[in-house]
Asker: 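Structure in structure tokens, see below.
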There are 4 protein chains.
Amino acid sequence: MGKERQLRQREATKNEILDAAREIVFKEGFQGLSVRKITNQLDYSPAIIYHYFKNKNEIIETLVSEGYKRIFAAVSSITRNEDEPEKEIREAFTNLLKAALDSSEEYKAVMLNDDAAVLQKTALLKPGVPEKSPTLKMLCENLRRGIGQGRYSCYDPELTAQVLWTAIFGLIIKVIIEKDVSQEQINRLLDHHFTVLFNGILKR
Amino acid sequence: MGKERQLRQREATKNEILDAAREIVFKEGFQGLSVRKITNQLDYSPAIIYHYFKNKNEIIETLVSEGYKRIFAAVSSITRNEDEPEKEIREAFTNLLKAALDSSEEYKAVMLNDDAAVLQKTALLKPGVPEKSPTLKMLCENLRRGIGQGRYSCYDPELTAQVLWTAIFGLIIKVIIEKDVSQEQINRLLDHHFTVLFNGILKR
Amino acid sequence: MGKERQLRQREATKNEILDAAREIVFKEGFQGLSVRKITNQLDYSPAIIYHYFKNKNEIIETLVSEGYKRIFAAVSSITRNEDEPEKEIREAFTNLLKAALDSSEEYKAVMLNDDAAVLQKTALLKPGVPEKSPTLKMLCENLRRGIGQGRYSCYDPELTAQVLWTAIFGLIIKVIIEKDVSQEQINRLLDHHFTVLFNGILKR
Amino acid sequence: MGKERQLRQREATKNEILDAAREIVFKEGFQGLSVRKITNQLDYSPAIIYHYFKNKNEIIETLVSEGYKRIFAAVSSITRNEDEPEKEIREAFTNLLKAALDSSEEYKAVMLNDDAAVLQKTALLKPGVPEKSPTLKMLCENLRRGIGQGRYSCYDPELTAQVLWTAIFGLIIKVIIEKDVSQEQINRLLDHHFTVLFNGILKR
DNA sequence: TATGAATGAGTATTCATTCAT
DNA sequence: CATGAATGAATACTCATTCAT
């Protein structure tokens, strides 16, 4: 039907706009994003934005939640490893780092955002919260499993999950900020993180 | 004398301006800071700023270097511990976290800034760079000492220093971003960081 | 079609802006021109300027190049005179003076401008340079022709061209500056310039 | 008496201010002159200006009338030459050019100024006016003398004076504007001006 | 659907000037 | 005599947004 085609067309134009926005964000960060820059790039008039989005903020939110999804998709597609559960953690964080670097501006925008609304989704440190975050929940379960197997030391799983997460988070953010760290060095750093952290939680 | 009083008055006004600036930065971050906002808050005319500061940047620099100093002062005033060198690390990072929380906006402004000029001072991840940063240099030396004593595992000191630093950095940033984490929880998190990390590097 | 009308409307507004600009330039010179003054005169908001022009400079450039074109058109449309080549010079300079008076502000803006960029187009006095200027090149060729015919004295054509040009240039500038010299007096002055100058270069 | 010393001191400070102003005008032209720049250079406060001058304009006027005087002094100190009166003209204009180049900014400021007040002193082109200008008066007298001697052609002295003056004026202005014309080239141009012009007015 | 026109509020900075001390 | 404080009016330019068409 015509209506469907119309809807598809509408979706296509929205994506065009989002693509242009992504490109600008990639080059100049979120704070460099402006309605005019988007429409200039598309040879559209600024007003068109308001046909497809409520305002500039809606564009930002779309971009951000998108990056958010991509990142959490990365973490959730890991393969089970019964004997060495820490390998799951390694895989999850390796994926996370890769995804974060691929959408670094979005990652920063989300994870360093202190809007109350955003924090509701990203807060992790308060006691009890981890149960709500898919990522941390997974981590906690893994830790509990490892402790049950007698493989991990008997640390509070929630607290340990927060420690592991923030440790890797620090690496990710720092790598993004410094911009030109070589992939090789990134790998060495991530590897050594795992070495130290797993050494820290594995029973010996 | 009158001259002294005048000087004190001048200093007082400068501080008034800086205070207003701090307040705005606290509420809206450095990128929300504007000359107009400062003078509106003080019921001054915008031009007066340039009577007390060369330009907006001088205000920012003052604020930033202030926080910067406070932070580095925190790290450098640690007491030597021959037998348990890891206690030095614990003290340094504990101080660092406290100082960072005290000037959280400045800490973020500096440590999350990706300006080339700022990065020259804050970059840490590239191989060889740690030797230039006072903080990381201290860490490296500590690690070498510990390895020499046979107390730490024989890991590459530079890489290990980067791992320890980014791990704690992740915690600090996350605590700042989430804003209302209780001091008690912060302490628990920091403690557990040390537990895991030291467990990870200490020989057993 | 609507599109054409729209375009015409756009052109009309651009001209409105340019007219206002011209008026201000006429009254206060180019250095008195400001975006605010233009829009105040038109009861527009300052921002609208940037809808029609890239920036203030584009307005200036438009005005200047307009005058520039008019002036060079004037000089280049002269009719050949084999027997009395000095009549060509007379015609060229007569046209030049008329054109300069018609766009006097632009003429001053260009010819009295000492920006390096502008000078590259207007410099005439350094040896060898005249070959690059269309006006002076024409003069030189005329002089060489006249010398070849045995009509002009055997003076260095380049130097002579510079002398003739600066002599008339002085008259033009002075007439513009004094503003209310009568056309009659201007004619007398120009005529007498030619009398003296041609008397000076024609063989007798 | 103390009063006299006071007056002398006052005069000295005024000169200090004028010197600073001159320096700025030399470097940045009159339009680059600002009260703040003057007082910054002298380590004074901007307000001091208003103790010694009514306003910024009075400074400009002082500088300008000074340059004016210097220039006309140059023209009026020529030595009488009975047999070849054109040598007087040559000397006057040579002096004028030198003086103009020495105070080029002031010369431009005065001679290209179209303020009514300034024009009253500098206008030369209207019929009858030359009698009021010392420079042109001198020129006219010289021309009349030469005509009387049968040495110059019988041209209207006033008109001829205006032609000679504007011709040299064009050279001076152009030399100032182009800034880096070598002294040697300036000499050649001036010489050739005289050659052509005198050739134009001398009887043969 | 799309756009061109338009704006009001904002950005940092400079300037000449005033005034109380 | 001299100054520090202060200002109002400018400067060019950018931005998100609205609205009639």
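Numbered from 1 within each chain, the chains take letters A, B, ... in sequence-line order. Only this structure's heavy atoms are used, side chains among them; waters, hydrogens and symmetry mates stay out.
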Asker: Kindly express the pairing pattern of DNA chain F in dot-bracket notation, using | wherever a base pairs with another strand and counting only Watson-Crick or G-U pairs under 3.5 Å.
Answerer: .||||||||||||||||||||
Asker: Would you tabulate the pairs of protein nitrogen or oxygen atoms and nucleotide nitrogen or oxygen atoms of nucleotides 16-20 of chain E closer than 3.5 angstrom?
Answerer:
unit_1, atom_1, unit_2, atom_2, d
E:dA16, OP1, D:Lys56, NZ, 2.7
E:dA16, OP2, D:Val35, N, 2.9
E:dT17, OP2, D:Tyr50, OH, 2.9
E:dT17, OP2, D:Lys56, N, 3.1
E:dT17, O5', D:Tyr50, OH, 3.4

Asker: Above 12 or not: heavy atoms from other molecules or residues under 6.0 Å from CZ of D:Phe26?
Answerer: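 Incorrect, the count does not exceed 12.
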Asker: To the nearest 0.5 Å, how far apart are NZ in A:Lys14 and CG in A:Asp19?
Answerer: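 The CG atom of A:Asp19 is 13.5 Å from NZ of A:Lys14, to the nearest 0.5 Å.
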Asker: Is it true that atom NZ of D:Lys56 has more than 12 heavy atoms of other residues, nucleotides or ligands lying nearer than 6.0 Å?
Answerer: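 Correct, the count exceeds 12.
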Asker: Test your reading of the model: is there a side-chain donor-acceptor pair from A:Ser104 to the backbone of A:Ala100, 3.5 Å cut-off?
Answerer: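 Pair absent, no side-chain N/O of A:Ser104 close to backbone of A:Ala100.
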Asker: Expressed in angstrom and rounded to an integer, what is the separation of B:Ile49 atom CD1 from F:dG8 atom P?
Answerer: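 In whole Å, F:dG8 P and B:Ile49 CD1 are 15 Å from each other.
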Asker: Determine the sole option in D:Val35, D:Ile17, D:Ile60 for which the side chain to side chain contact (heavy atoms under 4.5 Å, CB included) test with D:Phe53 is passed.
Answerer: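 Exactly one option meets the side chain to side chain contact (heavy atoms under 4.5 Å, CB included) with D:Phe53, and it is D:Ile17.
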Asker: If you count the non-hydrogen atoms of other residues, nucleotides and ligands that lie under 6.0 Å from NZ in A:Lys121, is the total more than 12?
Answerer: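 No, NZ of A:Lys121 has 12 or fewer neighbouring heavy atoms, counting only those of other groups under 6.0 Å.
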Asker: From CG of C:Asn40 over to P of F:dT11, roughly how many Å is that when rounded to an integer?
Answerer: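 Result: 8 Å.
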Asker: At under 4.0 Å, does any side-chain N or O of C:Tyr44 touch on OP1 or OP2 of E:dA5?
Answerer: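 Looking at the OP1 and OP2 atoms of E:dA5, neither is under 4.0 Å from any side-chain N or O of C:Tyr44.
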Asker: Do D:Tyr107 and D:Ile173 come within less than 4.5 Å of each other through their side chains, counting heavy atoms only?
Answerer: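 Of all side-chain heavy-atom pairs linking D:Ile173 with D:Tyr107, at least one is under 4.5 Å.
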Asker: Output the rounded distance in Å from CD1 (B:Ile48) to C1' (F:dA5).
Answerer: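 Atom-to-atom, B:Ile48 to F:dA5, this comes out as 5 Å.
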Asker: List the steps and the verdict of side-chain contact (heavy atoms from CB on, under 4.5 Å) for D:Glu28 and D:Lys37.
Answerer: CA-CA 11 Å; D:Glu28 317 181 38; D:Lys37 282 185 198 159; 2.9 Å; yes
Asker: Rounded to the nearest Å, what distance is computed from the CG atom of residue D:Leu42 to the P atom of nucleotide F:dT3?
Answerer: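 From D:Leu42 CG to F:dT3 P: 10 Å.
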Asker: How many Å lie between CZ on B:Arg8 and C1' on F:dG4, as a whole number?
Answerer: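 After rounding, the reported distance stands at 16 Å.
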Asker: In whole angstrom, give the distance that lies between atom CZ of B:Phe53 and atom P of F:dA6.
Answerer: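 Atom-to-atom, B:Phe53 to F:dA6, this comes out as 13 Å.
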Asker: Hey, which of D:Leu119, D:Thr122, D:Asn113, D:Val118 is the one that makes side chain to side chain contact (heavy atoms under 4.5 Å, CB included) with C:Ile177?
Answerer: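 For C:Ile177, the side chain to side chain contact (heavy atoms under 4.5 Å, CB included) test succeeds with only one of D:Leu119, D:Thr122, D:Asn113, D:Val118, which is D:Leu119.
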Asker: For the pair made of CG in A:Asp43 and C1' in E:dG4, what is the distance, rounded to whole Å?
Answerer: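 Computing the A:Asp43:CG to E:dG4:C1' distance gives 14 Å.
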Asker: In whole Å, I'd like the distance from the CD atom of A:Gln31 to the C1' atom of F:dC15.
Answerer: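 Going from A:Gln31 (CD) to F:dC15 (C1'), I get 14 Å.
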Asker: Side chains of C:Tyr44 and C:Ile49, heavy atoms from C-beta outward: is any pair under 4.5 Å?
Answerer: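 No - every pair of side-chain heavy atoms lies 4.5 Å or more apart.
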Asker: Has the side chain of C:Tyr68 got a donor or acceptor atom that lies under 3.5 Å from a matching backbone atom of C:Glu106?
Answerer: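 No: the side chain of C:Tyr68 does not pair with the backbone of C:Glu106.
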Asker: Where along residues 9-28 of chain A does a heavy atom fall under 4.0 Å from DNA chain F?
Answerer: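 Residues of residues 9-28 of chain A under 4.0 Å from DNA chain F: none.
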